[in-house]
A.B. asks: 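Encoded as structure tokens, here's the structure I'll be asking about.
Only a predicted model underlies this, so the values are computations on that prediction, with no experimental measurement involved.
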Amino acid sequence: SSTPYLRVTPSMLKSQTGRKGKDAWMGLNGKVYNITPYAEFHPGGIPELLRGAGKDATKIFGEVHPWVNYDTMLSACLVGLLVDEPEGTE
Ligand code: HEM
């Protein structure tokens with residue numbers, strides 16, 4: 001059977017902004033990462049990084065630095081897969 005990754009819906013992702021005592025999660029190309037442990041090391045600073053928190057940041061990431069290999073850098077911070085909202089909940 002396949003690896004039991006956590007399936008993260010957009011509404012779950014939306015609550016993970018790094019505020020209210022919760023970690024900041026970021027969606028990138030179908031995967032969701034916990035970016036909280038990385039935040040203090042981000043060369044662009046924490047506020048800039050958090051622009052992509054709680055959402056699918058694929059587009060904005062690609063606009064800023066498409067050459068950055070986030071997948072390797074955040075491999076230990078993988079939360080799960082970004083999936084569609086279940087039917088009838090939108
Ligand atoms: C640099 C923004 C996510 C890794 C930067 C810089 C900005 C930025 C503005 C330029 C800083 C400077 O040179 O003064 C953002 C935004 C993000 C985001 C808006 C999300 C929406 C990430 C993530 C990673 C990352 C998830 C890695 C896990 C880096 C690296 C640099 C950088 C390695 C230096 C790149 C270089 O100088 O070639 N970021 N970042 N960033 N960021 Fe991000």
A.B. asks: How long is the gap from CD on E85 to CG on L13, to the nearest 0.5 Å?
C.D. replies: 10.0 Å
A.B. asks: Using 30° and 60° as the class limits, which term best fits the ring planes of Y38 and F41: parallel, tilted or perpendicular?
C.D. replies: tilted
A.B. asks: Give the intermediate values and the outcome of side-chain contact (heavy atoms from CB on, under 4.5 Å) for residues I35 and L49.
C.D. replies: CA-CA 9 Å; I35 54 170; L49 177 70; 3.9 Å; yes
A.B. asks: Looking at side-chain heavy atoms only, is the closest gap between V8 and V83 below 4.5 Å?
C.D. replies: no
A.B. asks: Show me, pair by pair, the donor-acceptor contacts under 3.5 angstrom made by side chains of residues 22-31, not counting sequence neighbours?
C.D. replies:
from: K22; atom 1: NZ; to: S15; atom 2: OG; distance (Å): 3.2
from: D23; atom 1: OD2; to: N34; atom 2: ND2; distance (Å): 2.9
from: N29; atom 1: ND2; to: Y70; atom 2: OH; distance (Å): 2.8

A.B. asks: Distance check, rounded to the nearest 0.5 Å: Q16 atom CD versus K55 atom NZ?
C.D. replies: 14.5 Å
A.B. asks: So which atom in L78 and which in V32 form the shortest heavy-atom distance, rounded to 0.1 Å?
C.D. replies: CD1-O, 3.5 Å
A.B. asks: Are M73 and I46 linked, directly or through intermediate hydrophobic residues, by side-chain heavy-atom contacts shorter than 4.5 Å (ILVMFWY only)?
C.D. replies: yes
A.B. asks: Nearest 0.5 Å please: distance from the CG atom of L82 over to the CG atom of D56.
C.D. replies: 5.5 Å
A.B. asks: Give me the atom names and distance for the closest heavy-atom approach of A53 to T17.
C.D. replies: CB-O, 3.8 Å
A.B. asks: So do the side chains of Y33 and D71 get within less than 4.5 Å of each other, counting heavy atoms only?
C.D. replies: yes
A.B. asks: Just checking N69: does its CG atom have more than 12 heavy atoms from other residues, nucleotides or ligands closer to it than 6.0 angstrom?
C.D. replies: yes
A.B. asks: Please check if the side chain of H65 supplies one atom and the backbone of V68 the other of a donor-acceptor pair under 3.5 Å.
C.D. replies: no
